[in-house]
Each structure stands twice: as C-alpha cells, then as structure tokens.
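Following: one structure in structure tokens, then a few remarks.
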Amino acid sequence: MAKESFTPAELRQLRALKNPAGIQRFVDGLPYHIAHSSWSPKKVLSEGTAHCLEGAIFAAAALRVLGFPPLIWDLEADHDTDHVLAIYKARGHWGAVAKSKFNGCRGRDPVYRTLHELALRYFHIYFNLRGERTLRRYSRPVNLARFDERNWMTSPKDVWFIAEYLCEIPHTDLFKPSVIKHLTRVDRRTVLGEAVGHRRLPGARTPRIFRA
C-alpha cells in the first residue's frame, strides 16, 4: 500500500480508529458539508468535514490502513441521487461504513451474506423529497487500489475519477421491474424519523448534490 504521502501523525490517527465501527464513529462525527467537491482522504483529515462520496472514500482508505481491501460500492436510484459506501467483509459477511445525514443511510454491521442482502437493507429508508422509494440497483465492489497510481488517498486535487468510474460500471437490479408499480410512498412518520439530520424535509425546492 502506498502510504508515503500520509504523515506519521495521520497514519496514527487512522490506526487509532481500530476497526470498522471506529471508522463509522469518526465519519459520523465529521460535519456534513454541501459542496461540489471530491476530496481525498488526506484532505478530509485536514479539513475535518466530508459529504457522502468523500466519507466513503475516506472510510475505504481507513479500512485499508487497518488491513481490509479499500472497497467502495454504489447504490443507484431513480429520480434521486446515488449513495456511495465503503464495504468490508468480516467472518464471511458484508458490512458497510457510510456518511449520511439520513439516519438509515449510514453504516451496517457485517451480518449480510450477500451484497444483494446488504442493498435490500437500505431499500426501506431510501426515498426522495416526494416520498418515493427510489433505490433500484447496486454496483459490484470497486477496489480503489486500481487508482493507486493516481494517488487517490492523498491527492491535494479532487478525485472525481472515482465517481466517474462508479457511473460507468454495470449495476445489478435490486428487483424485477414488475415490482416497482406496487411500491408505496414513504409515510410522514418514516420521513421525520429518517431525515432528522437533513437540512430540508420533503417539499423543499433545493436539490441535493449528493445523498446527504
């Protein structure tokens, strides 16, 4: 693993997270910023803030420092924004680390036997500002080691090439198209429970840049 551009202090900070749960707590503690940016993990550390995409990329780097492959994963929605997560396997089961201001779009403990199971766990609480359940597809895991030559962990520049790659790769349908017409809208109680940290509730006119 290329660690040359992380300072010793930064590596100590990442190792101090100890495990995926520690990484999730750290990511949860970062203030969420709304910006058209794609910061590297090093810049997230220096700025002390992140959005969904940056949180996932940071978590993948932190997982790598702790000995896991640096995997990210894309959840794709219709009439809504995508959600990017870092994923890992422990004792043969999948878990996730994620940055979000929606309660249910954060991480998951490693109890899912397949990525399909893990994706379904996000379906119920994945909705747009009209209350529509929008999650439709998921990508294969992407090992960010493929971008080591582009210095994805420590680059001072935005790492948009990661997001662009996620948009290009095939995604797997979560369920058959015939299921979609029978989906119900999210009730107000669920909206209020899930969007506690979101800056606007359904009915707002300002679109999200990334899934908050």
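From a predicted model like this one, the values you see are computed outputs, not experimental measurements. Counting begins at 1 with the first residue of the sequence.
By the 30° and 60° cut-offs, the orientation of the rings of H51 relative to Y32 is tilted. Relative ring orientation between F147 and F161 is described as tilted, the plane-to-plane angle lying within the 30° to 60° band.
When each of Q24, R108, R25 is paired with V97, the side-chain contact (heavy atoms from CB on, under 4.5 Å) condition holds for Q24 and for no other. R136 pairs with exactly one of L75, L174, D78 by the side-chain contact (heavy atoms from CB on, under 4.5 Å) rule, that one being D78.
The closest donor-acceptor contact from the side chain of W152 to the backbone of S40 lies at 3.5 Å or more, if one exists at all. At distances below 3.5 Å, not a single donor-acceptor pair connects side-chain atoms of R15 with backbone N or O atoms of R12. Counting only distance, with no hydrogens or angles, the side chain of N19 and the backbone of G22 share a donor-acceptor pair below 3.5 Å.
Rounding to the nearest 0.5 Å gives a distance of 9.5 Å between OG of S100 and CG of D28. In this structure, CD in E76 is found 9.5 Å from CG in L135, a value given to the nearest 0.5 Å. Atom NZ of K89 and atom OH of Y112 lie 15.0 Å apart (nearest 0.5 Å). Once rounded to the nearest 0.5 Å, the distance linking CZ of F123 with OG1 of T134 reads 8.5 Å.
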Requested in this report: Would you check, one step at a time, whether the test side chain to side chain contact (heavy atoms under 4.5 Å, CB included) holds for W94 with L115?
Outcome: CA-CA 7 Å; W94 289 102; L115 289 177; 3.7 Å; yes

Query - salt bridge (charged side-chain N to carboxylate O under 4.0 Å, His left out) assessment of K99 paired with E54 - result: CA-CA 8 Å; K99 176 68 176 172; E54 294 161 347; over 6 Å; no

Requested in this report: Check the pair Y138 / Y122 against ring pair (Phe, Tyr, Trp, His ring centres under 6.0 Å), numbers first and verdict last.
Outcome: CA-CA 11 Å; Y138 58 93; Y122 286 93; over 10 Å; no

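You'll find the ring centres of W160 and H36 inside the 6.0 Å limit.
Nearest heavy atom pair, residue A96 against residue L85, reads CB-CD2, 4.0 Å. A pairwise comparison of heavy atoms in T49 and P31 identifies OG1-O, 2.6 Å as the closest pair. The two residues A86 and A60 make their nearest non-hydrogen contact at CB-N, 3.7 Å. Nearest heavy-atom pair, A77 versus Y126, reported as atom, atom and distance to 0.1 Å: CB-CE2, 3.6 Å.
Residues W39 and I57 fail the side-chain proximity criterion, which asks for heavy atoms closer than 4.5 Å. Inter-residue side-chain proximity for H93 and R113 is flagged as met; some heavy-atom pair is nearer than 4.5 Å.
Judged by distance alone, the side chains of E47 and H33 never bring a donor and an acceptor atom under 3.5 Å apart.
Classification of R137 and D74 as a salt-bridged pair fails, no side-chain N sitting under 4.0 Å from a carboxylate O.
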